[in-house]
Colleague: 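After the structure tokens below, expect a handful of questions from me.
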Amino acid sequence: WHHARGMRLPQIRFSQDAPAWRESIDERFLYDSETGKDSLTRVPSGDIRWQSRFDINQAMTWGATIDISSRVYQRRWYWTGLEGREEFEEYSLLNRVLLNQPILAGNPVLRDHKINKIDFMRGQINFELQKREVIYNLKSIYYGQVLAEEALKISRSDLKRGQDAKELAERKFNAGLIPEIDLMRIQVDLARRQGGYSQSQARAESARERLRLLLGLPLDQPIEVRFQDDSDKLFNLKSVNDTDKRLEIEAEELNLERLEMQTDASIMDKRIKASMQFYYEIDTRRDKFAELSETGNQNRGVSLHFEIPLYGFGTTVSEIENLKIAQRKSLNDMKNRLTNLQADTRRAIRDLVLARKRIDIVSASLELSKKSLTISESRFENGLINSRELIESQSELTRGNQELLNARIDYELSMAYLERIAPADNR
């Protein structure tokens with residue numbers, strides 16, 4: 001974009017030959033005064049030229065380009081004829097103004113500037129989308145570790161309840177208050193919980209490794225997550241709806257606008273090429289450098305150039321039709337993408353609302369599970385229920401804790417996804 005803006009300003013260049021040297025031998029027919037005939041003669045010649053050139057090129061807002069140049073050089077030249085070697089030296093100063101105006105091509109200068117501006121805007125959008133993708137990926141990995149760490153805590157609590165139940169069952173069995181089958185059932189369930197806890201440990205360590213890799217940390221770097229549950233903070237759904245224009249659509253619209261301009265320019269270029277050039281120059285050639293300040297020859301000219309395809313066996317028509325088809329295809333693709341993105345936004349909103357409802361429902365049922373477990377533990381201790389009912393009550397509480405955790409993580413991920421796809425004005 002800096003380059004595109006700079007091209008709207010004068011482009012100044014300097015070039016120099018220091019020096020340009022040439023030696024050559026030509027064969028020419030020269031008149032020999034002694035014989036009175038033309039004879040084929042080898043003619044050595046050469047020159048050495050010191051030349052400097054200064055150019056200023058300016059693109060005009062109406063599409064033309066102006067080139068202002070000044071060239072000065074010193075030339076030493078010789079050639080050898082029948083009468084001997086001839087040498088001379090000259091100095092030249094050429095000041096020239098050239099105006100090139102394209103015809104039937106629109107305004108290429110303004111068109112190129114608009115295309116460059118569109119590319120700059122698309123670059124900004126792509127950068128924002130990539131940044132959001134990085135943030136979303138980081139949040140996904142982070143909440144994946146949170147899920148694994150919290151699940152490990154739930155599994156640890158579940159294991160602790162199983163160990164407490166085993167100790168209580170052993171005391172009751174030793175006292176002859178419960179049959180051996182109840183003790184064995186609790187022991188088997190404890191072994192299952194120990195296996196589940198080991199799996200939770202492995203999943204937590206795997207989640208830590210994924211986060212370390214994403215952050216570029218050593219694999220043995222200690223990591224501790226501090227999760228703040230924001231599920232009580234409702235997401236402002238008014239900031240996002242399926243009718244908002246997402247950044248992807250803005251990029252597609254810019255790309256379509258760019259393609260339309262390029263297509264129109266290509267179609268004009270395939271049909272007729274035309275340009276007009278005007279030039280004016282002052283050419284001063286002198287034997288001495290000090291005399292270059294004198295006015296030289298004034299030259300001027302105009303040229304009008306046309307290129308018209310007369311017959312190309314269908315190549316021109318087919319190329320133009322291909323350009324139009326590509327433009328229509330891009331428009332159809334954008335409409336399909338718009339529909340898909342609207343559906344994606346609706347799905348994301350539904351997922352967030354559903355996760356919020358799941359949190360409320362599971363939270364209410366979890367309170368009942370806690371009360372039910374308290375009652376079951378008391379009844380088992382008093383011999384009113386067997387170990388199967390106690391295990392079922394404990395498992396119900398563990399499942400409730402896991403469901404609540406899953407709902408909270410889903411809610412956080414849904415909010416993160418909505419922040420990722422939200423239009424720029426609503427973030």
Side-chain angles (χ1 to χ4, degrees), residues 1-15 52-72 93-126 250-284 295-310 312 315-331 334:
W1 177 238
H2 285 300
H3 175 267
R5 289 191 301 178
M7 291 301 294
R8 304 194 77 183
L9 301 175
Q11 304 300 305
I12 304 173
R13 291 179 297 275
F14 175 78
S15 61
S52 299
R53 182 182 177 93
F54 186 77
D55 290 274
I56 301 177
N57 185 272
Q58 175 65 63
M60 311 307 293
T61 56
W62 64 83
T65 56
I66 295 180
D67 186 78
I68 303 174
S69 63
S70 179
R71 185 195 68 186
V72 60
L93 175 63
L94 177 64
N95 295 318
R96 181 184 177 94
V97 178
L98 173 66
L99 173 66
N100 184 58
Q101 176 64 61
I103 305 173
L104 303 177
N107 189 335
V109 174
L110 182 60
R111 181 171 56 246
D112 289 344
H113 181 73
K114 287 182 177 179
I115 289 176
N116 286 321
K117 187 174 183 179
I118 288 174
D119 289 341
F120 174 63
M121 296 171 65
R122 287 175 59 200
Q124 288 182 311
I125 291 176
N126 290 334
E250 292 184 16
E252 291 287 344
E253 290 178 346
L254 290 172
N255 184 57
L256 183 61
E257 183 182 353
R258 185 183 194 276
L259 182 60
E260 288 176 351
M261 288 190 291
Q262 289 181 325
T263 300
D264 293 340
S266 298
I267 290 175
M268 289 186 290
D269 183 68
K270 295 297 181 184
R271 287 175 174 165
I272 299 178
K273 297 180 182 179
S275 64
M276 181 177 292
Q277 286 189 348
F278 306 85
Y279 79 90
Y280 174 79
E281 65 182 19
I282 300 177
D283 188 5
T284 304
T295 303
N297 299 324
Q298 298 185 30
N299 307 320
R300 58 187 61 86
V302 179
S303 64
L304 183 60
H305 177 75
F306 283 96
E307 291 184 21
I308 303 175
L310 296 180
T315 56
T316 301
V317 175
S318 62
E319 288 179 3
I320 292 176
E321 188 62 26
N322 285 336
L323 292 171
K324 292 181 178 179
I325 290 174
Q327 184 176 346
R328 291 196 297 268
K329 182 179 182 299
S330 179
L331 179 60
M334 190 190 73

Colleague: How are the rings of Trp1 and His113 set relative to one another: parallel (under 30°), tilted (30 to 60°) or perpendicular (over 60°)?
Modeller: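 Taking His113 first and then Trp1, their aromatic rings sit tilted (interplane angle of 30° to 60°).
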Colleague: Mind checking the CG-NZ spacing from Leu110 to Lys117? Nearest 0.5 Å is all I need.
Modeller: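 The NZ atom of Lys117 is 10.5 Å from CG of Leu110, to the nearest 0.5 Å.
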Colleague: Find the distance between CG (Asp112) and CG (Asp119) and round it off to the nearest 0.5 Å.
Modeller: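 Those atoms lie 10.5 Å apart.
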Colleague: Would you compute the distance between atom NZ of Lys273 and atom CD of Glu307 and round it to the nearest 0.5 angstrom?
Modeller: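 Those atoms lie 5.0 Å apart.
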Colleague: Would Glu319 and Lys324 count as a salt bridge (charged side-chain N to carboxylate O under 4.0 Å, His left out) here? Give the steps.
Modeller: CA-CA 9 Å; Glu319 288 179 3; Lys324 292 181 178 179; over 6 Å; no
Colleague: CG/Asp269 to CG/Leu104 distance, rounded to the nearest 0.5 angstrom?
Modeller: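 Answer for the CG-CG pair, Asp269 versus Leu104, is 11.5 Å.
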Colleague: Apply the test side-chain contact (heavy atoms from CB on, under 4.5 Å) to residues Leu254 and Ile125: give CA-CA distance (whole Å), side-chain angles for both, the deciding distance (0.1 Å), then the verdict.
Modeller: CA-CA 10 Å; Leu254 290 172; Ile125 291 176; 3.8 Å; yes
Colleague: What pair of heavy atoms forms the shortest contact from Ser275 to Asn100, and how long is it?
Modeller: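 Closest approach of Ser275 to Asn100, heavy atoms only: CB-OD1, 4.1 Å.
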Colleague: Take Leu331 and Leu259, measure what side-chain contact (heavy atoms from CB on, under 4.5 Å) needs, and give me the verdict at the end.
Modeller: CA-CA 10 Å; Leu331 179 60; Leu259 182 60; over 6 Å; no
Colleague: Examine distances only and state if a side-chain atom of Arg271 and a backbone atom of Ser266 form a donor-acceptor pair shorter than 3.5 Å.
Modeller: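 Judged by distance alone, no pair lies under 3.5 Å.
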Colleague: Do you know which two heavy atoms are closest between Pro108 and Ala105, and how far apart they sit?
Modeller: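 Of all heavy-atom pairs spanning Pro108 and Ala105, the closest is CD-O, 4.0 Å.
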Colleague: Check whether any side-chain N or O of Asn255 sits under 3.5 Å from a backbone N or O of Ala251 as a donor-acceptor pair, and report yes or no.
Modeller: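 No, the answer is negative, given that no donor and acceptor are paired below the 3.5 Å cut-off.
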Colleague: Identify whether the distance between the nearest side-chain nitrogen and carboxylate oxygen of Glu252 and Arg122 falls below 4.0 Å.
Modeller: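 The answer is no: the pair does not qualify as a salt bridge.
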Colleague: Table please: side-chain donor-acceptor pairs of residues 52-66 below 3.5 Å, with sequence neighbours left out.
Modeller:
residue	atom	partner	partner atom	Å
Ser52	OG	Gln16	NE2	3.2
Arg53	NE	Asp55	OD1	3.2
Arg53	NE	Asp55	OD2	2.9
Arg53	NH2	Asp55	OD1	3.3
Gln58	NE2	Arg8	O	2.9
Trp62	NE1	Gln101	OE1	2.9

Colleague: Going through the checks in order, is the side-chain contact (heavy atoms from CB on, under 4.5 Å) test met by Leu94 and Thr284?
Modeller: CA-CA 6 Å; Leu94 177 64; Thr284 304; over 6 Å; no
Colleague: For a quick test of reading the model, state the closest non-hydrogen atom pair linking Leu98 to Tyr279 and the distance between them.
Modeller: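 Nearest heavy atoms, Leu98 then Tyr279: CD1-CB, 3.8 Å.
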Colleague: Can you name the nearest heavy-atom pair linking Leu93 to Ser70, along with the distance?
Modeller: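 Closest pair (atom of Leu93, atom of Ser70, distance): CD1-OG, 3.9 Å.
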Colleague: Is atom CE of Met121 surrounded by more than 12 heavy atoms (other residues, nucleotides or ligands) closer than 6.0 Å?
Modeller: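 No, because the 6.0 Å sphere around CE of Met121 holds 12 heavy atoms or fewer from other groups.
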Colleague: Of all heavy-atom pairs between Gly6 and Gln11, which one has the smallest distance, and what is that distance?
Modeller: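 Closest approach of Gly6 to Gln11, heavy atoms only: O-NE2, 2.7 Å.
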Colleague: Just by distance, do the side chain of Glu257 and the backbone of Lys114 share a donor-acceptor pair under 3.5 Å?
Modeller: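 Not a single qualifying donor-acceptor pair exists.
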Colleague: For the atom pair CE (Met268) and OG1 (Thr263), what is the distance rounded to the nearest 0.5 Å?
Modeller: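 If we round to the nearest 0.5 Å, Met268:CE and Thr263:OG1 are 10.5 Å apart.
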Colleague: Is there a donor-acceptor pair under 3.5 Å between the side chain of Ser330 and the backbone N or O of Ala326?
Modeller: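 No; zero donor-acceptor contacts below 3.5 Å.
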Colleague: Please test Ser318 against Ile320 for side-chain contact (heavy atoms from CB on, under 4.5 Å), starting from the C-alpha separation and ending with a verdict.
Modeller: CA-CA 5 Å; Ser318 62; Ile320 292 176; over 6 Å; no
Colleague: Hey, could you give me the CD/CG distance between Glu253 and Leu256, rounded to the nearest 0.5 Å?
Modeller: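 Rounded to the nearest 0.5 Å, the CD-CG separation comes to 8.0 Å.
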